[in-house]
Amino acid sequence: MADKKKGRVFSGARPTGRQHLGNYLGAIRNYVALQDDYECIYCIVDLHALTTVETTKDLKANTYEMALDWLAAGIRPEETIVFVQSHVPQVTELHTILSMVTPLGKLTDLPTFKEKVRQQPHNVNYGLVGYPVLMTADITLYKADTVPVGVDQAPHIEFAREVVRSFNYRFGTNVLIEPQMKTTEIPKVLGIYGKDKMSKSLNNHIELAATPEETEKRVMQMVTDPQRIKRTDPGNPDVCNVFTMHKIFSPPEEVEMINVECRRAGIGCVDCKKRFAANLNKHLAPFRARRAELASDPDYIWDVLRDGADRARVIAEKTMEEVRAAVQLP
Ligand code: SF4
């Protein structure tokens with residue numbers, strides 16, 4: 001890795017398979033950009049996924065598809081470490097050690113834990129409670145000093161910092177690094193029905209790897225300004241999700257034209273959506289071509305993930321040697 005970088009970034013995401021526009025705008029785009037200034041470590045956190053998944057049958061395929069999308073989008077495995085969490089088992093050892101300096105009450109008080117209990121009352125497992133400790137282990141095992149987060153995730157990093165302080169204080173060391181947050185402006189990407197956040201589970205998403213035809217079909221289903229019933233009704237782009245997307249993917253002059261014409265019924269929603277689908281397909285064409293190229297060698301992604309885990313393990317084992325010494329494990 002180059003040594004003139006600003007620091008080391010760690011970020012993890014659960015293996016959710018093929019990525020959608022929400023994943024792209026919320027995380028992947030940022031992952032790609034961070035590589036220019038930071039040493040980056042991106043992890044597919046399959047162990048975290050076990051706390052909530054109903055079945056593990058798709059775990060491997062979802063890991064593969066997600067890694068494929070990341071690389072096709074521009075993550076550069078020659079410099080960035082891309083790997084699967086469970087391939088570096090040292091993280092579970094650090095998790096256990098950190099759990100000894102984490103008060104249980106703090107974990108059960110976290111709003112995210114309470115939310116999960118509401119979502120899956122039939123499966124309030126031990127892993128769910130310890131999830132933030134495992135996340136702290138993920139970050140600190142690789143001595144990452146920077147974690148990119150959206151504002152809503154800030155409490156997680158604050159929690160990780162507290163755990164690090166407790167560990168360092170308890171064992172009179174400074175082996176673990178308190179990570180800093182790098183808050184990024186993450187646009188709220190709504191699903192095609194315009195109400196909820198884009199999400200696979202709600203089936204309101206647009207996959208990056210979809211064909212141009214599938215993409216257009218999804219775009220044509222998008223909900224527009226609900227007040228605009230007839231083609232002759234003037235619309236309000238400010239409340240329209242299609243317009244929000246145009247602002248991200250369409251050229252500025254086209255955005256301006258729609259902004260003006262929609263308000264005086266000069267453009268219909270069908271035409272407006274077709275334009276958006278075309279611009280989106282154009283934007284995603286290089287990604288899709290690269291994806292097909294990478295997928296033509298089925299071993300390539302697993303080779304990248306294996307190599308990433310080898311490199312991650314070197315850092316992890318060094319940290320664990322320091323941790324074991326600080327804790328004075330015999
Ligand atoms: Fe939305 Fe475009 Fe229809 Fe206006 S013309 S309401 S911006 S889809």
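All values derive from a computational prediction rather than experimental measurement. Every number for a ligand or one of its atoms is a count from 1 in the order of the listing.
- Among the atoms of Cys272, no N, O or S atom falls under 2.8 Å of atom 3 (Fe) of ligand 1.
- Among Glu162, Lys182, Met181, the one residue that satisfies the side-chain contact (heavy atoms from CB on, under 4.5 Å) test with Ile157 is Met181.
- Listed by number with element, the atoms of ligand 1 under 4.0 angstrom from any heavy atom of Asp225 are 6 (S).
- Against a heavy-atom cut-off of under 4.0 Å, Cys240 is close to the following atoms of ligand 1: 1 (Fe), 6 (S), 7 (S), 8 (S).
- The nearest protein atom to atom 3 (Fe) of ligand 1, hydrogens excluded, is given as Cys269 SG, 2.3 Å; this is a heavy-atom distance.
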May I have the step-by-step check of side chain to side chain donor-acceptor pair (under 3.5 Å) for Tyr42 and Thr80, ending in yes or no? CA-CA 7 Å; Tyr42 297 140; Thr80 291; 5.9 Å; no
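- Within the 4.0 Å heavy-atom criterion, the part of Arg228 lying near ligand 1 is the side chain and not the backbone.
- Nearest non-hydrogen protein atom to atom 4 (Fe) of ligand 1 is Cys262 SG, 2.3 Å.
- Using 4.0 Å as the threshold, Gly235 has no heavy atom nearer than that to any atom of ligand 1.
- Of all atoms in ligand 1, listed by their number and element, those nearer than 4.0 Å to a heavy atom of Phe243 are 7 (S).
- Inter-residue side-chain proximity for Ile315 and Ile41 is flagged as met; some heavy-atom pair is nearer than 4.5 Å.
- In the vicinity of Thr224, heavy-atom distances shorter than 4.0 Å reach the ligand 1 atoms 8 (S).
- A heavy-atom distance below 4.5 Å is not found between the side chains of Met66 and Arg14.
- Looking at heavy atoms from C-beta onward, Ser11 lies out of side-chain contact with Ile139 at the 4.5 angstrom threshold.
- The aromatic ring centroids of Tyr38 and Phe10 lie 6.0 Å or more from each other.
- By the 4.5 Å heavy-atom criterion applied to side chains, Pro148 and Leu34 are counted as neighbours.
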